[in-house]
Amino acid sequence: MTTRVIIVDDQAMVRAGFAALLAAQSDIDVVGDAPDGVQGVELSRRVHPDVVLMDVRMPEMDGLEAARQLLDPPIGVVHRPKVLMLTTFDVDDYVYEALRAGASGFLLKDAPPADLISAVRVVAAGEALLAPSVTRRLIADFARQRPAPRKGRASLRLNGLTPRETEVLELIARGLANREIADSLVLAEQTVKTHIGRVLAKLELRDRAQAVIFAYESGLVAPGER
């Protein structure tokens with residue numbers, strides 16, 4: 001099955017380079033590009049891509065607002081693409097907010113070509129792009145800068161998880177992959193996948209990225225813990 005992609009970035013050379021790289025893959029079809037968030041949202045609602053590569057900083061409308069509009073569309077708009085943010089380290093705060101808004105992850109603009117291709121495939125498959133060495137640190141850094149989480153609704157939602165599901169959520173937040181979680185808890189990898197599905201369903205979370213955000217903001221995982 002072919003993954004339909006659009007590229008939203010204010011740099012024409014970036015759009016052209018990414019488009020050429022992705023279009024060369026037999027399972028990826030680049031169906032359009034746009035130079036800013038406004039046109040990106042319009043294009044997405046017209047061509048219905050599976051994945052939107054979204055730059056963070058753009059004129060007219062930045063990637064954060066564009067991601068919000070795509071992931072929380074107005075009544076009557078049913079299409080919700082996966083959004084993969086394109087960023088550099090100096091805009092981490094925007095990326096954190098984009099993850100909270102429901103983006104499936106982020107990719108550094110200077111990442112190797114193979115990483116871009118892999119990222120599109122991972123996000124299209126419904127997984128969050130959570131590079132343990134980067135995204136986990138990003139979220140932890142911003143969690144550390146924010147006030148201590150307030151106990152309340154989030155804690156009540158945590159109470160709905162079984163002890164095993166809580167363990168799995170904590171390990172997701174620490175950046176462990178499914179195989180690593182399975183080894184840590186002495187479970188089959190398929191069992192871990194089942195637990196993750198139940199955690200996401202019970203907490204009404206879209207994907208692993210939102211699970212990590214929730215774990216930090218609920219206080220289940222504290223910044224700096226290992």
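- In terms of modelled atom types and a separation under 3.5 Å, the side chain of H195 and the main chain of E167 share no donor-acceptor contact.
- Here the rule is side chain to side chain contact (heavy atoms under 4.5 Å, CB included) with V38, and of E65, Q69, M61 only M61 fits it.
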Quick one, L169 with L161, criterion side-chain contact (heavy atoms from CB on, under 4.5 Å). Give me CA distance, side-chain angles, the key distance, then yes/no.
CA-CA 9 Å; L169 175 59; L161 301 181; 3.9 Å; yes
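- Judged by distance alone, with hydrogens and angles left aside, the side-chain atoms of Q25 form a donor-acceptor pair with the main-chain N or O of L21 at under 3.5 Å.
- Using a 4.5 Å cut-off on side-chain heavy atoms (C-beta onward), S184 and L171 make contact.
- Side-chain contact between V51 and R4: absent, with no pair of heavy atoms (C-beta onward) separated by less than 4.5 Å.
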May I have the step-by-step check of side-chain contact (heavy atoms from CB on, under 4.5 Å) for I7 and V30, ending in yes or no?
CA-CA 8 Å; I7 302 164; V30 179; 4.2 Å; yes
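- Taking CZ of R80 as the start and CZ of R45 as the end, the distance is 10.5 Å to the nearest 0.5 Å.
- Considering D36, D33, D10 in turn, D33 is the only one that fulfils the salt bridge (charged side-chain N to carboxylate O under 4.0 Å, His left out) rule with R15.
- A salt bridge is defined here as a Lys NZ or Arg NE, NH1 or NH2 lying under 4.0 Å from an Asp or Glu carboxylate O, and D50 with K82 fails to meet this definition.
- Nearest heavy atom pair, residue A67 against residue M85, reads CB-SD, 4.3 Å.
- Annotation: side chain of T3 is not in contact with side chain of R121 (no heavy-atom distance under 4.5 Å).
- When all heavy atoms of S104 and V123 are compared, the pair lying nearest together is CB-CG1, 3.8 Å.
- Formation of a donor-acceptor pair under 3.5 Å by the T166 side chain with backbone atoms of T162 is found in this model.
- Shown here for A211 and I172, the closest heavy-atom pair between the two residues is CB-CG2, 4.4 Å.
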Please evaluate residues F18 and L86 with respect to the criterion side-chain contact (heavy atoms from CB on, under 4.5 Å), reporting the C-alpha separation (whole Å), side-chain torsions for both, the decisive distance (0.1 Å), and the verdict.
CA-CA 11 Å; F18 283 3; L86 300 172; 3.7 Å; yes
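- In this structure, V56 and L64 have side chains that are not in contact, with every pair of non-hydrogen atoms separated by 4.5 Å or more.
- Following chains of ILVMFWY side-chain contacts shorter than 4.5 Å, one can reach V47 starting from M54, so the two form part of one hydrophobic cluster.
- In this structure, the separation between CG on L158 and CD on E165 is 11.0 Å, given to the nearest 0.5 Å.
- For R198, there are no salt bridge (Lys or Arg N to Asp or Glu O under 4.0 Å) partners two or more places apart in sequence or in a different chain.
- Side-chain contact check for Q190 versus K193: some heavy-atom pair is nearer than 4.5 Å.
- Closest non-hydrogen pair, A173 versus V212, comes out as CA-CG2, 4.0 Å.
- Salt bridge annotation for K109-D55: present, with a cationic side-chain nitrogen under 4.0 angstrom from a carboxylate oxygen.
- No side-chain heavy atom of I28 sits under 4.5 Å from any side-chain heavy atom of T2.
- For the pair V120 and L53, the minimum side-chain heavy-atom distance is below 4.5 Å.
- In terms of modelled atom types and a separation under 3.5 Å, the side chain of D9 and the main chain of Q11 share a donor-acceptor contact.
- The shortest heavy-atom contact between L205 and F214 is CD1-CB, 4.1 Å.
- With a 4.5 Å cut-off on side-chain heavy atoms, V5 and V31 do not count as touching.
- Between V52 and S44 the shortest heavy-atom distance is CG2-OG, 4.1 Å.
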